Amino acid sequence: MNAENTAPKVLIHSLSRDELAGLFTEMQEPKYRADQLWSWLYVKKVMDWSAMSNMPSSLKEKLAARFNLNSVKMEKTEGESGRTRKILVGLQDGEQVEEVLIPGGDRKTVCVSSQAGCRFRCTFCASGQAGFRRNLDAGEMVGQVILAANVYGERPSNVVFMGIGEPLDNYDAVLKAVRIINDQDGLGIGARKITISTCGIVPGIERLGEEGIQVELSVSLHAADDELRSKLMPVNRTYPLTCLIEACRKYFDRTGRLITFEYTMIGGLNDAAAHARNLVKLISGMPARVNLIPLSPVEEFDGKASSPDRAEVFMEILGRAGINSTLRMSKGSSLKAACGQLRYRKK
Ligand code: SF4
């Protein structure tokens with residue numbers, strides 16, 4: 001077999017709408033065929049070329065020869081229908097990532113991965129400890145959303161880029177995926193229902209602020225002083241708190257969007273009243289809210305979740321300073337679904 005035959009095909013879900021239109025022009029096909037295909041991909045969400053009944057067989061054969069329609073496949077699930085479910089997702093080259101489906105009230109959220117592994121090595125995160133493998137293509141992230149839609153039986157209402165990987169370290173592909181899932185003639189998931197989460201990549205935050213897209217930004221803080229944050233999150237040595245908070249302020253000035261700060265509460269490490277007061281000092285006056293999340297234990301990190309009492313005291317200190325916060329128990333912990341653990345355990 002020659003190299004041409006063994007090279008992986010391009011994922012059809014990696015093509016933006018403009019790229020798809022350009023492809024049909026190049027193939028000398030009418031523009032409405034590109035619209036038909038877009039609708040099969042993102043409205044009907046089919047995973048089989050033969051199901052595209054209003055498209056000529058010859059065209060489908062040409063497309064099938066060049067493009068892969070199955071961007072991702074479900075390899076394993078944990079959890080039950082109607083509750084938090086974790087899916088181990090297989091990629092074309094044998095890499096694996098995970099996504100988590102989190103239904104709640106009228107929300108159907110999907111948490112998607114943006115990289116296989118992660119290079120940022122936050123101490124309490126299984127993905128970080130497992131190391132970096134590669135960036136995901138846009139189509140592999142879009143594919144996770146379609147897979148979630150097919151499992152839910154309807155389009156997810158919210159998409160959060162909070163699975164394995166650092167989204168702003170795979171900036172172009174993540175933004176491309178965001179634009180594809182946001183397209184109103186396709187999946188149509190509103191930009192405000194899409195959250196990009198970062199460990200604090202300052203150039204990425206600055207760039208995102210310039211995009212003119214109204215996505216939610218969530219920044220993982222986990223400590224409000226540089227010494228502790230650098231221990232927990234080595235990225236802090238490159239982008240320390242003053243420069244991170246400055247980037248967040250600018251992001252708000254440009255977009256008018258509130259920032260959510262994520263703060264994982266680790267018993268005896270970052271959950272004392274003094275830590276809460278540091279956090280108040282750091283972000284007071286900022287249009288922001290704080291999500292307090294008791295740690296989901298991982299084998300590689302010797303830490304435990306904060307007790308409910310300490311978490312309550314922490315939250316009260318924020319509240320007295322006028323900072324809006326919520327305390328949320330990790331829905332994943334009961335099925336060992338903290339970021340990275342399903343993939344990690346299978347190896
Ligand atoms: S918490 Fe996020 S940024 Fe940190 S190591 Fe894990 S996946 Fe990477």
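Being a predicted model, the structure only gives us computed values, none of them experimental. FYI, the numbering just counts along the sequence from 1. Indexing begins at 1, ligand by ligand and atom by atom, following the structure's order.
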K.L.:
Could you tell me whether the side chains of Gln115 and Glu166 share a donor-acceptor contact shorter than 3.5 Å?
P.N.:
no
K.L.:
Any N/O/S atom, side chain or main chain, of Cys199 closer to atom 6 (Fe) of ligand 1 than 2.8 Å?
P.N.:
no
K.L.:
Is the shortest heavy-atom distance from the side chain of Ile196 to the side chain of Leu208 under 4.5 Å?
P.N.:
yes
K.L.:
Within a distance under 4.0 Å of any heavy atom of Gly165, pick out the atoms of ligand 1 and give their elements.
P.N.:
7 (S)
K.L.:
Could you point out which residue of Lys108, Arg107, Lys45 forms a salt bridge (charged side-chain N to carboxylate O under 4.0 Å, His left out) with Glu154?
P.N.:
Lys108
K.L.:
Between Ser127, Ser114, Cys122, flag the one that comes closest to atom 4 (Fe) of ligand 1 by a heavy atom.
P.N.:
Cys122
K.L.:
Hey, would you say the Tyr263 and Phe314 ring centroids sit under 6.0 Å apart?
P.N.:
yes
K.L.:
Once side chain to side chain contact (heavy atoms under 4.5 Å, CB included) is applied, do any residues pair with Arg254, and if so which ones, sequence neighbours excluded?
P.N.:
Glu210, Lys250
K.L.:
Against heavy atoms of Gly128, which atoms of ligand 1 measure under 4.0 Å?
P.N.:
5 (S)
K.L.:
Answer yes or no as to whether an N/O/S atom of Cys118 is found below 2.8 Å from atom 8 (Fe) of ligand 1.
P.N.:
yes
K.L.:
For ligand 1, note which part of Arg121 has a heavy atom under 4.0 Å away: side chain, backbone, both or neither.
P.N.:
backbone
